[in-house]
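Okay, so here's the structure we're looking at.
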Amino acid sequence: MLEPISVSMESLNLGTLAPMLVAIAGGLGILIIDLIKKDLDKTLYVMLSILILVVDLGAVFGQRIGDRGFFDVMLIDGIAVLSQIVILAASMLFIPLALTSRRFHEFSYPEFFALFLFMVAGFQFMVASDNLILIFVGLETASLALYTLIALHNRERSFEAAIKYFVMGALAAGFYVMGAMIFYALTGSVELYKIAEVLKAGDFANMTILLVGVSFMIAALGFKLSMVPFHTWTPDVYEGASATLAGYMSVVPKIAGFVVAMRIFGFLIQSDVVWVRDVLYAAVVITMTLANIMALVQHDVKRMLAFSSISHAGFVMAAIMIGTTQANSALFLYWIMFLFTNLGAFAMLWVSRHKDKVWHDRFDHPYEKFSGMIQIKPVGAVIMALFMLSLAGVPPFSLFWGKLYVMSAAVNSDYIVLALIMAINSAISVYYYLKLIVYMFLKDPTQNEGTIYEQNTSKPLQTIIGFSAFMTVFAVVAVEPILEIITTYVQASGF
Amino acid sequence: METYLYTALFAPLVGSLFAALFADKPKNLVTGIATSTLLFVSWISSVVLLLHVAHGEEVHVKLMDWIHAGGLVIPFGFIVDQVTATMMFVVTTVSAVVHVYSIGYMDHDKSFNRFFAWLSAFVFSMMVLVMSDNFAGLFIGWEGVGLCSWALIGFWYHKESASWAANEAFIMNRIADLGMLIGIFLIYWNFGSLQYDVVFEQVADKDHGLLMMVTAFLFIGAMGKSAQFPLHTWLADAMEGPTPVSALIHAATMVTAGVYLVIRANPLYSVVPEVSLFVASLGAFVAMFAASMALVNRDLKRIIAYSTLSQLGYMFVAAGVGAYWVALFHLMTHAFFKALLFLGAGNVMHAMDDELDIFKMGGLAKKMQWTMILMTIASVALAGIYPFAGFFSKDKILEAAFATDHYVLWTILWITAGLTAFYSFRLVMLVFFGEERYKIFGYHPHEAYRFMLWAMAPLAVLAVIAGFFEHSFVHMIEHVLPVEEHHISTFTFWTLIIVTQAIALGGIGFAVWKYSKGGFSKKWEETFIYQLLFNQYYIPKIYDEYICKPYGELSRIFWKDLDLKIVDATVDFIATTIYKSGMVSRVVQSGNLSNMLRWMGVGLLILLLAAIFYSPVR
Amino acid sequence: MITLSHYLILSAILFSIGLVGVYRRKNLLLLLFSTEILLNAVNIGFAAISKFYGDLTGQMFAFFIVAVAASEVAVGLGLMIVWYKRRGTLDIDSMQSMHG
Amino acid sequence: MFEAIAFYLFSAVTIAMFTITVMSKNALYAMSALAAGMIMISGFFFLLDADFLGVVQIIVYTGAVMALYAFGMMFFDTTREVKENIRAPKLVFLLSGMTALLLVIAFVAPIVSDHIEALYPMVEGVQNPQAVGVVLFTKYLVPFEVAAVMLLVAMIAGIILAGKKMDESLTLKIDDEFQEKGAQ
Amino acid sequence: MDHILSVLVFFPAIAGLLGFVVSKESIRAYGLSVAAIEFLLSLWLWFSFDGSYPGFQFVEVLPLIPSFGINYYLGVDGISLFIVVLSTFITLVGMIALSVEKDLKNMIISLLFLEMTMVGVFVSLDAIVFYVFWELSLVPMLYIIGAWGGNLRIYAAIKFFLYTFAGSLIMLVGMLVMAYLYHEATGVWSFSITEWHRLILPENYQIWLFIAFFIGLAIKVPMFPFHTWLPYAHGQAPTIGSVILAAVLLKMGTYGLVRLPLPMFPDASVYMIFPVAILSLIMIIYTAMVAYAQEDMKQVIAYSSISHMGVIVLGTFAMNPEGITGSVFFMLSHGIVSGALFMLVGVIYDRRHTKLMSEFGGLAHVMPRYGTIMGIMVMASVGLPLTMSFVGEFLSLAGFYQVSHTMTILAGTSIILGAVYMLSLYKKSFFGEVTKEENKNLKDLDGKESMALWTLVLVTVWLGVYPKPVLEPINTSVESLVSFMHKKAITKEAKEVIKPKVIEREAE
């Protein structure tokens, strides 16, 4: 017979769970409100969601760094807190984008907001644990919610996108569990710190099997982080999803993925498993480059941005590969900078969302659409150009500082060739960002009706875009404080 | 004295700027008169300075700093010593005359004002050239006269040939200027300064090879300005400019700048006999070479131009054999009679509606008596017949060549003297005497304005009497230039004079005899020698065929084939390759889910392969 | 004697069979079957390791995998239903509107 | 000995069943084979002393999932032969075959480690479901709850997606409603 | 006024932002007044500058990212002072002569932003701040070329942007490596250029870093074989674009050479003299020949710019005060002269909408004032004494003569070849008879054009005759720079080549 188990509440450390519980409770609350009274306006849900996220964020700030909770399943280290902050901030920026002046199918569902909150909770679990099981479950929760959110846009394209994403996600899940199984087989544990301990104690015997496991993990996370050749879903899904969700997808799931990748590969790299480093090096370079050159030939701005975000992800993966504190801090800095810019860029597309495909029978946002925008909507054009320049890494806009820091991290760890490759890739990438600027500024308008660029606009959207633009332009002022916080957090979690 | 110096220097500049104010306005007589007056002022100042320095004094002033970088200090400094004063006298005299003459000559030209602006600007540049106390200042003037020469040769810019000739002159000069510039760099880095006095002081301490380099490079500069072989072609083409310009620039002053440079730098040249010998030999060669071309040419002005070339050769011989003062003396006398000759030619051209072919003239003496007289005086002086100015200076050159044992040079010069006499009188005969062929072509010649003739008079006088100032000149010049006593016996001395006079007179006689009888037969014109000479030894053609055209062709190849098709195409190729590889890798993105899943499989497989077969050392 | 390796190899083989299905199937429903095979293959591995190490964690993992598989079926079927309603087919080749 | 026989037997059957699942043209066969394979797998679980897992496997898979699939098949009308245009089948087998080969190569080598310690050891004499229950409701309570949320998500997703409202798109179909009510 | 540099940098940008509010009709006056104020400010800077002090003046430091050693660090010395003045001056003159009608407001705002970046590049002493302005300058230029240019404008604009951007990214990597090495040596992060100057590196490090910096700068200069973007950019850009591009933007490259690699890597610079000189020679001779083959007036001037930039680079690598002072001065003079030339071509382009030389001929008849100014500028470009260019060219070549005799002779051909293409340009378009009917009634220069151009002529001649007020501060800073390099050099060879003072000046 088993001994009775006595558990003290303190040892459970329920505080570690608080943020996710807030999100889940919030989601459930929304569902209940819907049950009680139908046909409530979406503005209510949007505001509720924001409030819930604010409380969630408060709870995150309330967490003590370095805590483990609930039988050590939860791990609240620096990067967990940091990434949760990023996730929540991005979510808060995302949710008001629902307040468009046009009516969209998905926002009429209260379930949309509930799912959204569950998804956030899923991501939070993902980053706040080093238990492969919890990571897996969190990941799946978030993913399943995300598939649904994509499909809710209710266009043929969005279903197609959701199905593609879903099927590939299922395969990736298979890879993930296979990888986890191999780790478990090798170490008898599914907790990363324990795995690391055992492997180190055994001095990495069974290297081949370990590497096979790592391969599966790279494949699984590569799918999440859209690394070549596991990236194929990205452009299609971004195209199919609504612009705003695409922007969200390009930021939040990835930051969660980065944290997991950091946890899984971090210890391997730190214990000098050269194979991981080399393979990631190759993967990073291929991802950056291939995504870049494919982005060159796109006709649609949204697809271009999709490829560009693949490339950016590759860029940032380099930081994980480098693995120093500076590199890991750089990752977060980069991604925070990327958050504002990319979300802003997608929001610009969202604002110009229109019903009919006027310019192209396939694309919603072909380059031609933006032809001569400077003459019709100068402010919009300038803001869009700012985002493009920032993405291209033109100083002093936000992403430049991220790039600078990542490249510096590469240089400081003697990856000068990598830094050069990054530089060349940045140079290549300029072409396609520039292409949009060229269309907006240098070509003549194809039509004179200015409203198409603001079909969808509303005060909240303008506010968010303005905020993103502001952050993009004056990022330099924010870099130092952000960097300070990031470095403290990252250092605290030993990366 | 400083006031005089600055007056002499800046009066032409003031005139030039004044005239330039009216440059695009219709003709305004005031510009002509004002510039002439100012030049007259300049002339007076020059004369005062000449008289001042004649007793061995010098005027040396520093206006201001110009360039000052690192160790290089170049001031705007001016010096008037005996050489400078002589040059100033020559320059201002001839230019004053030419200015007055031009008022008449350019009477009907609509760019009258512009002409005077440039002409005075030229005088200013020339003054800077001769008065500067350092090589950089000399170079300013050097380039300045080049610029003005360019503008004046191409004065009638609507004529294709004129603008072509202008550019040719400028570019030829630039080639030489590069040599000079290098010479200046050499001087700077080795002497530490560009001031004449500082440089010449140190000559004794310097390496011989270095001095050879310096003098050689400086001489390259001189060759361009003085149109020595092989940079001589521009001078004949420069005759496209208005005739007063030819008189002033391409006979009296600018082209002698090269000689001036060698004279000025005599402390350098006198210690490097190798280069000096080269200078002399080239001079002798050019003297004969140019004279030979003058023999058969049909173009009034070109003949005189070749004769100028030939005389410049004489001057270089003098400078080369160390008789710097003789070179300067010949420079002076030559300026007078050659300017006179050109101005006379100007009268003829005016009379003949700018016709230049001497075979279309003849018998003009009746219509243009005074011009005929003036030109004959000039020709006689050119031929070097006693007691005209040319005799004194030219004879000294031959004497110097003989006395320094350069017998070959002497022989060449001696023969050239005969040729000179011949072609001068060929010209006189064909233009002024014999059959009145101009009637066939329907010209109505007339004498030039009276004041133009009066303007020429001072030159005529000087062409006649200048030679008699030889002794006072020597007396003055020995303060700065070495004047050596030649140790030749009286007998030899007289023999030389007689022999020279004989060949000159012979040349004249032959010309008069031959052309009073109607000249050479047509057959002569078909001979190879005639063709060779007539086509200027085919040198312009060679330059055109083997330098200009290939240069143009090469430029085009560089542009079209190299720059566009290789350099630029490489850049574009890189760009398009990247773009195309984008197109190719697009295939990955087929949009078919099955393919996408398979790509994931491929990725996994690659990773597994790496896991099992790639094992780097930990 | 059946060792852990036996189970693992079995797991690998089943996993590969699942992969065959995933790569091969054009019908979404049948494709979904194949993903089930993937997960189940891994489950065997977990159970086996659990047994051989005498540790329950593997069974836990397997349990959660089952849960995930079930959820995926729900969502997957939902998506397929929507698609089928629209297009009347579940063939992958009908989903090629986005490419390039 | 029994273990070996059972292992090989089950293995053979499972492999066969799953092969049918992935290869068969008949959807019904495929599904039946899948169900059979699942049951075989639960056999493995029992074999491996994971009784609880075996039961779950049968209930969840064979009971719930298969039922779902069956309904799905009826809805999709794929009970008969499915036409599939399979391109480059060789590539499929090459990819999977190679993967299998590599995995097998990796797994053939025995795993040697002295540092493995069981965190949640199976205790002699304790029934498997009981032990599982203890671990599940202590250590894995959080994942368990998250899994509950996940199932909730899946449920909501299934309901919304399959629901009637998805049949028509507000944005596409009704032009009047394109403008948000009262927004402008 | 302590913050005059910040004011200089940001005044145009703020004015540009406010410009959005100004009405279309008054925008020209607005732009002019802003440019004039900016120019006056820069003149004030000049007059309050102490020419006898070689170091940096008006220094401002403000932490930006202190933990990473990035500071907002500005300052000017004799080398940068005049390029700043040149930038504001050219902007003002360009603004006066501006003949754009379409989207005038956008043009003026872009110009003001461009001015900010130009001034910013020349006054920043922090590598990252330098880089920020450096890159940012591409954006308004891209717009100016691309929106107001000729038929191929978009191709040209993108090519310009991409090429320069790619090059400067390599430079950025070099900067990061440099910062890393500095960190290794001192334990402190710093991107301050003056701090970097003090860091002595082993020679092989120097060489690699030199190459990284050089590529970035060389593309901007543009050195052969990275020059092909320039003819397109110039050929397509509107007049004002070409003017600023030639006058100021190209100078960023050569200024960068003097500011960054030379003092940072004296040994590598000496080591690289030969290859760099070869490239410069190719630039000088080859592009001069290409210029001769051109059919388009503007292309001639564009290629001539490349050729002249070759002389500037050569002078920079003379490694003695004469050469470097000369090349800095040549930057200014080339700025003025080529700016004027482009403006002149713009004048005729505005009237005839073609720049082909074959379309013209005899313009001197029709437009005598235009012809005069063109003539002066052609002669200045050819490097006639008493124009600004001569001083610069003379000093650059004189400086380099000390390094290599033969190469200077080859480089000196620039004065010949320059005359060849420039005079043939002048001859083809201005001399001869007026053959085309359209050309017979062309208007001569109007008021604003004359004003802008005569100003430039005046400056050209003034500084050609009396360059002292500019040359002296430059020389002071350059001399201290060279002696610093001499002191810093570690190899024997470099110590020999870098000669702070070769010829003792006479006691005055």
Side-chain angles (χ1 to χ4, degrees), chain C residues 1-10 12-21 23-27 29-30 32-34 36-37 40 43-44 47-48 50-51 53-57 59-60 62-64 66-75 77-82 84-85 90-91 93, chain D residues 3-4 7 11 14-15 18-19 21-22 27 30 34 38 41 44-45 48-50 53 56-57 60 64-65 68 72-73 75-76 78 82 84-86 92 95-96 99-100 103-104 107-108 110-111 116 118-122 131-132 135-136 140 143 147 150-151 154-155 157-158 161-162 166-167:
Chain C
M1 184 59 194
I2 303 299
T3 61
L4 179 55
S5 287
H6 285 80
Y7 280 101
L8 289 181
I9 289 169
L10 174 66
I13 289 169
L14 291 179
F15 192 84
S16 304
I17 292 173
L19 284 181
V20 171
Y23 299 153
R24 185 173 172 275
R25 283 297 188 191
K26 281 289 175 81
N27 187 296
L29 189 67
L30 298 179
L32 215 58
F33 291 176
S34 309
E36 300 294 341
I37 298 177
N40 275 293
N43 271 355
I44 295 179
S50 182
K51 157 94 189 281
Y53 289 176
D55 180 61
L56 280 172
T57 314
Q59 293 187 24
M60 286 298 107
F63 173 75
F64 283 107
V66 171
V68 167
S71 318
E72 278 190 355
V73 171
V75 175
L77 276 175
L79 286 169
M80 271 179 242
I81 287 170
V82 185
Y84 190 77
K85 276 185 191 165
L90 284 182
D91 202 307
D93 292 342
Chain D
E3 196 195 0
F7 175 79
S11 301
T14 318
I15 290 171
F18 282 167
T19 311
T21 309
V22 296
L34 181 65
M38 296 295 187
I41 285 176
F44 280 114
F45 290 157
L48 289 164
D49 299 340
L53 214 50
V56 169
Q57 173 83 6
V60 174
V65 173
L68 267 176
M73 275 180 61
F75 183 83
F76 301 135
T78 42
V82 278
E84 285 180 306
N85 172 27
I86 294 156
V92 171
L95 280 178
S96 342
T99 311
L103 279 177
V104 170
F107 289 147
V108 160
I111 295 163
I116 297 169
L119 281 171
Y120 301 96
M122 300 182 190
V132 167
V135 178
L136 194 59
Y140 289 104
M150 178 176 69
L151 286 165
M155 190 180 79
L161 290 174
M166 288 301 279
D167 291 353

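Chain letters run A, B, ... following the sequence lines, proteins first, then strands; residues in each count from 1. What you see below is based on every heavy atom in this structure, not just the backbone, and it leaves out hydrogens, waters and symmetry mates. Bear in mind that the values here come from a model prediction, so they are computed numbers and not experimental data.
With sequence neighbours excluded, the residues forming a side chain to side chain contact (heavy atoms under 4.5 Å, CB included) with Asp93(C) are Asn592(B), Lys26(C), Asp91(C), Gln96(C), Asn85(D), Arg87(D), listed by chain and number. Listed by chain and residue number, Ser71(C) satisfy the side chain to side chain contact (heavy atoms under 4.5 Å, CB included) test with Leu151(D) (two or more places apart in sequence, or in another chain).
Remark: the backbone N or O of Val132(D) is not paired with any side-chain donor or acceptor of Gln59(C) at under 3.5 angstrom. Listed for the Arg24(C) side chain is no donor-acceptor partner under 3.5 Å among the backbone atoms of Ile86(D).
Among Leu53(D), Leu95(D), Val65(D), Thr99(D), the residue with the largest count of heavy-atom pairs under 4.5 Å with chain C is Leu53(D). Of the residues considered (Val75(C), Leu19(C), Ile17(C)), Ile17(C) shows the highest number of contacts with chain D, using heavy-atom pairs under 4.5 Å.
Using a 4.5 Å cut-off between heavy atoms, Leu14(C) contacts chain D through its side chain alone, with no backbone atom that close. Looking at Phe75(D), both its backbone and its side chain come within 4.5 Å of chain C, counting heavy atoms on both sides. Interface remark: Thr3(C) contributes no atoms to any contact with chain D (heavy atom separation under 4.5 Å). Residue contact with chain D, scored on non-hydrogen atoms closer than 4.5 Å, involves the side chain of Leu10(C) exclusively. Heavy atoms closer than 4.5 Å to chain D are found in the side chain of Leu90(C), but not in its backbone. Only the side chain of Val60(D) comes within contact range of chain C, with at least one heavy atom under 4.5 Å from a heavy atom of that chain. Proximity to chain C involves both the backbone and the side chain of Ala30(D), based on heavy atoms less than 4.5 angstrom apart. Contacts between Leu30(C) and chain D at a heavy-atom distance below 4.5 Å involve the side chain alone, from C-beta outward. Interface residue Ala100(D): backbone and side-chain heavy atoms are both found under 4.5 Å from chain C. Leu68(D) touches chain C through backbone and side chain together, each having a heavy atom under 4.5 Å away. With a 4.5 Å cut-off on non-hydrogen atoms, Ile13(C) touches chain D through its side chain but not through its backbone.
Put simply, the side chain of Ser34(C) does not reach to within 4.5 Å of the side chain of Tyr23(C), judged on heavy atoms. Taking 4.5 Å as the limit, some side-chain heavy atom of Thr57(C) sits within range of a side-chain heavy atom of Tyr140(D). Between Leu4(C) and Tyr53(C) the shortest side-chain heavy-atom distance falls below 4.5 Å.
Two rings, from Tyr7(C) and Phe7(D), have their centers less than 6.0 Å apart.
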